[in-house]
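What follows is a short report on a single structure.
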Amino acid sequence: KVGVNPKDEL
Amino acid sequence: MNIFRLAGDLFHLISIFILIHKMTTSKSCSGISFKSQALYLLVYVTRYLDLFWTFALYNSTMKIIFIGSSAYVLHLMTGPFKPTHDPNIDTFKVRYLIGGAAILALLFPYKWTPAEVLWTFSIWLESVAILPQLFMVQRTGAAETITTHYIFALGAYRALYIPNWIYRYLTSTFWDPLSIIAGVIQTVLYSDFFYIYYTKVLQGRKFELP
């Protein structure tokens with residue numbers, strides 16, 4: 001899952 | 001969501017509250033680096049562009065709070081409390097921070113799209129955005145207690161994200177080396193400050209550099 005950032009953080 | 005991330009976000013909110021509280025009650029922004037504050041606004045604006053195309057109640061609300069409060073702090077510093085800001089002690093060269101973050105973002109984004117490059121830029125820029133503030137404290141050799149509480153809360157926020165990333169890695173929902181490396185760098189930059197904060201401020205003494 002490297003580089004798959006769900007962008008669910010602040 | 002996990003307890004580390006939630007605690008980190010709460011520390012981030014607390015830091016903003018402390019900062020605005022300090023400025024509005026003392027009617028002064030002395031000791032606060034305008035350059036660091038301007039960098040934070042740039043960080044939030046470039047990272048939270050996805051407000052336009054994604055919505056999640058918790059995240060979207062926090063993003064708006066971070067952008068809004070950051071803009072409000074800059075408004076206070078350039079408007080009502082401008083006379084209390086001394087640019088002569090706020091002299092860190094931020095162009096190197098912005099330039100470095102821009103180069104890293106252009107070289108190693110996850111995808112070469114404008115939103116991804118700006119997101120990566122914001123991650124690197126955030127990791128070093130506190131430097132003008134720390135530099136200012138170092139130059140003056142001392143800081144008001146409330147200012148040290150602000151810097152501590154802001155540092156604790158990213159430090160708490162580290163166990164959050166470990167937790168997310170172990171539960172294999174998330175593995176983003178870029179955020180993690182930048183987050184560790186950010187926490188390391190605070191480490192000297194944390195040490196002096198623990199040994200001096202928490203024992204009721206003034207924050208003074210040795």
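All values derive from a computational prediction rather than experimental measurement. Below, chain A is the first sequence line, B the second, and so on; all start at residue 1.
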With chain A, which of Trp165(B), Tyr157(B), Tyr58(B), Phe66(B) has the greatest number of heavy-atom pairs at distances under 4.5 Å?
-> Trp165(B)
Phe194(B) CZ: over 12 foreign heavy atoms closer than 6.0 Å = yes
Under 4.5 Å from any heavy atom of chain A - which part of Glu126(B) = neither
Using heavy atoms and a sub-4.5 Å threshold, report which of residues 42-50 of chain B line up against chain A, by residue number.
-> Arg47(B), Tyr48(B), Asp50(B)
Measure the spacing between CG of Leu10(A) and CD1 of Ile65(B) and express it to the nearest 0.5 Å.
-> 10.0 Å
Relative to chain A, which segment of Thr54(B) carries a heavy atom at a distance below 4.5 Å: side chain, backbone, both, or neither?
-> neither
Quick one: what part of Asp9(B) sits under 4.5 Å from any heavy atom of chain A, side chain, backbone, both or neither?
-> side chain
Rounded distance (nearest 0.5 Å) linking atom CH2 of Trp119(B) with atom NZ of Lys7(A) = 4.5 Å
Reported CG-to-CD distance for the pair Asp176(B) and Glu9(A), which is rounded to 0.5 angstrom = 8.0 Å
Over 12 foreign heavy atoms within 6.0 Å of CD1, Ile3(B) | no
For Tyr72(B), does the OH atom sit with more than 12 other heavy atoms under 6.0 Å from it, leaving out its own atoms?
-> no
